[in-house]
Amino acid sequence: MRYTDLIFDLYGTLVDIHTEENDTVWEKTAFYFGFYGAHFTGPELKAAFQAELKKREAKAGQSYECFPDIPFEQVMADLFRAKGITENADALGKNAAQLFRICSLDYVNLYSEVLDALKMLREKGFRLWLLSNAQRIFTEYELRHLGLGEQLDGIYISSDYRCRKPDVRFFQALLEEQKLDKEKCLMIGNDLHTDIGGAKAAGLATLYIHTNL
């Protein structure tokens, strides 16, 4: 067996998803902010969020080799604080982030036969890892809903590491923490730039899957 460890992307590889972060989503999220005295219009909330996100990304040092990933809920919490709502700001930010995701989500489903395929691969002796550009505050719960987490040996989500694919540091985090031999790892994903290009830069073999995303 050439490979012992298979590293999967999530969205567009194992999971079919469609989100629409339109004006209505921002208006509904702004309505939630208003419940707690943090008053925004939808456009104001969107603009404030984008400004705070850019500020955090700049502080992280975005460059050709750096692709920062900022936790969504932390930005939301900061927007509550900016309006003077400091009590329970972290919890409110988490709730606002999840509300935003639910409002923007049209569907999230496993591709056909994914669970059976993963079970078969495990039975053949492969170890299965997830390396996803995603937000923990969204993805942890979606994995639970889909019943996918128990099929994986480890789950790596970019917001936990403050960097995302194609940044080689995200790939290296998995390799180093799990003590994997990169010569025996295969990265499987649907994005030629982030999944395939990033994995190649990290010294991994790759398998591109062309899906609807």
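Every residue meeting the ring pair (Phe, Tyr, Trp, His ring centres under 6.0 Å) condition with Y36, not counting sequence neighbours, appears here in chain and number order: Y32. Residues forming a side chain to side chain donor-acceptor pair (under 3.5 Å) with E177 (at least two apart in sequence, or on another chain): Y156, Y161. For R81, the salt bridge (Lys or Arg N to Asp or Glu O under 4.0 Å) partners are D78, D90, not counting sequence neighbours. Partners of Y107 by ring pair (Phe, Tyr, Trp, His ring centres under 6.0 Å), not counting sequence neighbours: none found. Residues forming a side chain to side chain donor-acceptor pair (under 3.5 Å) with K46 (at least two apart in sequence, or on another chain): none. Remark: F100 engages W26, F72 in a ring pair (Phe, Tyr, Trp, His ring centres under 6.0 Å) (not counting sequence neighbours). In this structure T24 satisfies the side chain to side chain contact (heavy atoms under 4.5 Å, CB included) test together with N22, K28, sequence neighbours excluded. Partners of E27 by side chain to side chain contact (heavy atoms under 4.5 Å, CB included), not counting sequence neighbours, listed by chain and number: P43. For the salt bridge (Lys or Arg N to Asp or Glu O under 4.0 Å) test, no residue two or more places apart in sequence or in another chain qualifies with E21. H39 is linked by a side chain to side chain donor-acceptor pair (under 3.5 Å) to nothing, counting only residues two or more places apart in sequence or in another chain. Contacts of E52 classified as salt bridge (Lys or Arg N to Asp or Glu O under 4.0 Å), with partners at least two apart in sequence or in another chain: K55, R56. Partners of D9 by side chain to side chain donor-acceptor pair (under 3.5 Å), not counting sequence neighbours, listed by chain and number: T13, K165.
Closest of all the heavy-atom pairs between I7 and C185 is CD1-CB, 4.0 Å.
Remark: R164 is not positioned above the aromatic ring of Y11, lacking an NZ or CZ atom under 6.0 angstrom from the ring centre and at most 45 degrees off the axis.
Residues D153 and Q178 bring no donor and acceptor atom of their side chains to less than 3.5 Å of each other.
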